[in-house]
Amino acid sequence: MPGLRFYVLLTCLFLLNAGHPQGMSRLPVLLTDSLKAHKEGFALHTFSWRFHTMDGRDYSDPAIPDSTWAVTTTAFGRTGQPNGWNGSGWFRLWLKADDNLIDKVLAFRISQTGAAEIYLDGKRIGEAGTIGKTNKETHSARAPFSVYPFILSDHRQHLLAVRYVNEQPPFPEYVAFRLWAGTYEQLASRALDSLKMNSFLLASIGAQLAFVLLHLALFAFYPKQRLNLYYSLFLFATSAVLYLRYLTVGTSDPYLQRITADLFETGIIVAAFLAAILLYGVSDDHLPRKRILISAVLGSLTLLDYFLQYRNASGATIFWLEIFYFLLVMADGLFALVRAMLRRKPRIWLIGTGMLTLTLFYLVVGSDLFGLMKGNDELIGKWMSIGLLAIPLSFSVYLALDFSAVNRSLSARLKEVQELSELSLAQETEKNRILAGQADQLEKTVAARTLEVRSQAQKLQEMDALKSRFIVNLTHEFRTPLSLIIGPAGLIAENAGTDAERKQGKLIQENAQQLLLLINQLLDLSKLEEGKMEIVNAEADILGISTAVLLPFSNAAMQKQVTLALKSRFSKLRGVVDEGKLTMILRNVLSNAIKFSLPGGEIHVTVDLEKAQQPTALVFTVADQGIGISAAKLPYVFDRFYQADSSDTRSNEGSGIGLALTRELVELMNGTIAINSTENVGTVVRIRLPVNITLANIGDGDLSLQAEKGATQTDEKDDLTNDGPLLLIIEDHDQLRAFISETLNVKFRTLTARNGEEGIQLAKKHIPDLVITDLMMPGMDGYEVCGKLKMQELTSHIPVMMVTAKNALESRNKGWSAGADAYLSKPFERAELLALADGLIGNRLLLQERYRREEAWKPAAGVLPPQELRFLEKVRNLINSNLANELFGVDQLCDSIGLSKAQLHRKLKNTLGHSPGDLIRMIRLQQALQLLKSGDLTVAEIAYSVGFGSPASFSTSFSNYFGYAPRDVKNDH
């Protein structure tokens, strides 16, 4: 605790004050009364000693004279050192005893921090530490509880010599030594009391540590009560201070004493700070951060002052600073307690009483501020041990009462909880009774529903079986009419009189065969479901089968600009396999690869053997450079009727049957199929089939079908003199695009585009009278094509016909929202297509005829779309602003609008039915008519103001347009 340091310090000050030279007599005499008066021993270090530097000679011999030696006292520090002091030397003092002390056992006690040897009349009677020949052999040591006995047998003078070495003193203010003399009984008793008192500190430390552990356990059990933590920290700090006091007093190592003394000072400040924390914690629910910060800063400054001044001063300043700091923090803490008492916080006065008691003990006993203890360490220690009990006692009583109050509160709460538990138990019993009844009812309901579900499931199974039989029967029925279509179509293709008829017959035959393939796949799936499909193995040419599958896809690959390549390290490869199923597997996988390949890409089909396992496996790998499949959709590609791309922008239609059938066929043949794919990179399909190989010759088995550059769309030049309607057909299916074009070529001129982007470019360039677009196309679907055409001024007037197989109401509404003018569902009749095209173009001609009347260039709002109104307004403003310019014509108008002559001609022709030149002339003449009616200008002036070079040409044009001469306007009109 804080007071311990001060009573130690005050004892030292007392000894210093009591030890000033008593007459500085040359020969001290040990008197019985003097020894009795000084219980701690008669101080010999206050007398004048003779000093001589250590030069290797033994100066303990009384025969050696010392009259020329330097005179000094042995209680010097950095100041008061004798001449020649360099850390070692001999100190001599002559003394004698009175009659009562002759032949009695006397003793010396020494206090020093170096190494000392004590000689009496040349005989060594004791030592502290070890003095060697070198610095390494010299060891400093203290002897705090040691006494050195001796006997004086006569009244003559006796020589006391001390050989002393302290070259690196740990305490610079205590360089030399202090020596006391007394009876052996007196000094031994004092040493024993000091040892007991120092050992008593360990018992006090143990008791306090027990409290520390107890309250730390309480804090761990109930962290919200932080007082236990604050109290544990405070007690731990005081225990540490006591232990440092124990080490400082009892250690024999002076350098360790230096460290423990510094830590002792630090511990005093920390203990005072933690005492304030404890008081704040008891007083308030929340610690006052500002006060704690101020206390910490002041404590740090006090310690800083100690470490800066302790080696340069006697310690009096730090003594008063520590007292001031202790009183300050304790006063503030007690003030916080008083405020808590005023707030009527229960039992807080107990902590205040304990702290006040401790403060009083510190001031009166520990620091001996009033001198009542007279520097008696034993007396101070005993009373401070009692004072230290004040805080544990008061705090324990406080916690006990607080625990008692909490216990009473908990007992009341427990009683309430028991009552609530009994009520809850009764409610739970009633609830269980109700739930039991509901469970019985629910069990009956579940049983009834289960029976109902089983009945429904049985009905669904019967319906599913009926549906499957219906689909099988229906697909079988499809085969007959398809056979009747395929056969005659083949005859038409062979016996046609013209190329067009032969082409139509071949088109019928190819699409009927495609439909037959889909029907066969449905039948195969039905057989697989019913387990009726069998494997028919036979020896076959595997490379021949692969080549036969590739060749029919050559036309489709060339149309998509894709290269097909068959690779194998075998020149001949034969094995026992089901040729039909292998052909079906390869055809489905290769068909998908071509469908989803990008133009200019490559498809590699690899045939290889894998002999790592038995039996030997035949491995087919089909790798394309297509659009790929996302990782999220890849696990579902083998599900029936699943399509990885179900949007309107997919490039190929499909049923979702092919891969599902392929996987089931592979598994039927005890094989495996796997797909790896990366979006916009490509897809790799790997098929592994166990096959008994009968022949495998190594050699070149590669086959490549190079893609040929397909026919490009030739741009048809618009014939401005030809009034025949121009139609743009946007369709990604080559055969359907050709069929629609050939159907419409009978009455119209046609342009074709393979996708939406190409179609938009052609529409902007040629300004067609009608656009026919497919709905589902790669990149840009029909909705987007229609929306872009309707949003652009150049193409907003063009009617759009949407052609698609999606005939649902939702799809139609989306088409109307995009601005479509007509909807044609697949399959469609040729006559229906022609009739729709005729109707849309005819309606447009009627609108043009309507706008041929006067003011045709200024239609009413709402009759035309906003884009067309803005475009016509721009044209009108340009013409009106250049009416007087005779040189303003079609070329100047095209430059101002930013369109070619052909584009502007078709735009205005399709919108108003007038060419650009006619429109300029019409607007000039209409403006002239208005001026003539006003009567303010002559005919010649009006002619020049509306851009005519001469009145004669103006009169001719006016008469041809209106049917009467300009001069007749005022008379008749």
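Since the model is a prediction, treat every value here as computed from it, not as a measurement.
Looking at Ile729 and Phe739, their side chains never come closer than 4.5 Å, going by heavy atoms from C-beta outward. Under the 4.5 Å side-chain criterion, counting only non-hydrogen atoms from C-beta, Leu586 is in contact with Phe620. Contact annotation: the side chain of Leu590 approaches that of Leu564 to within less than 4.5 Å [non-hydrogen atoms, C-beta and beyond]. Looking at heavy atoms from C-beta onward, Ile603 lies in side-chain contact with Ser597 at the 4.5 angstrom threshold. Taking 4.5 Å as the limit, some side-chain heavy atom of Val771 sits within range of a side-chain heavy atom of Ile730. Looking at heavy atoms from C-beta onward, Leu727 lies out of side-chain contact with Lys747 at the 4.5 angstrom threshold. Using a 4.5 Å heavy-atom cutoff, the side chains of Leu834 and Leu744 are in contact.
Between Ser741 and Thr750, the shortest heavy-atom contact is OG-OG1, 3.2 Å. Between Ser677 and Gly682 the shortest heavy-atom distance is OG-O, 3.3 Å. The two atoms that bring Pro768 and Ala763 nearest to each other are CD-O, 3.6 Å, heavy atoms only. Summarising the geometry of Pro799 relative to Leu770, their closest heavy-atom pair is O-CD1, 3.3 Å, with the distance given to 0.1 Å.
Between the CG atom in Leu665 and the CE atom in Met584 there is a gap of 6.0 Å [rounded to 0.5 Å]. Rounding to the nearest 0.5 Å gives a distance of 5.5 Å between CD1 of Ile675 and CD1 of Ile673. Atom-to-atom distance recorded for Ile545:CD1 and Thr583:OG1 is 5.0 Å, nearest 0.5 angstrom. One distance of note links CZ of Arg737 with CG of Asp774; it measures 10.5 Å at 0.5 Å rounding. To the nearest 0.5 Å, atoms CD (Glu742) and CG (Asn745) are separated by 7.5 Å. Put simply, CZ on Arg587 and CG on Leu582 are 10.5 Å apart, with the number rounded to the nearest 0.5 Å.
Checking side-chain atoms of Thr547 against main-chain N and O of Leu543 turns up a donor-acceptor pair under 3.5 Å. Listed for the Lys790 side chain is a donor-acceptor partner under 3.5 Å among the backbone atoms of Ile798. Under a 3.5 Å cut-off, the side chain of Asp821 and the backbone N or O of Met801 do not form any donor-acceptor pair. At least one donor-acceptor pair closer than 3.5 Å links the side chain of Asp624 to the backbone N or O of Thr683.
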| task | Apply side-chain contact (heavy atoms from CB on, under 4.5 Å) to Val589 and Thr662, showing your working. | result | CA-CA 8 Å; Val589 175; Thr662 300; 4.0 Å; yes
| field | Stepwise side-chain contact (heavy atoms from CB on, under 4.5 Å) check, Thr773 with Met802 | value | CA-CA 5 Å; Thr773 179; Met802 197 86 71; 3.9 Å; yes
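With sequence neighbours excluded, no residue satisfies side-chain hydrogen bond (donor to acceptor under 3.5 Å, both in side chains) with Thr606.
The only option from Leu762, Leu789, Ile772, Val800 that meets the side chain to side chain contact (heavy atoms under 4.5 Å, CB included) definition with Leu728 turns out to be Leu762.
The number of heavy atoms from other shown groups lying within 6.0 Å of NZ (Lys581) is above 12. Around atom CD of Glu602, more than 12 heavy atoms belonging to other residues, nucleotides or ligands sit under 6.0 Å away.
Note on residues 672-687: pairs passing salt bridge (charged side-chain N to carboxylate O under 4.0 Å, His left out), not counting sequence neighbours, are Glu610-Arg686.
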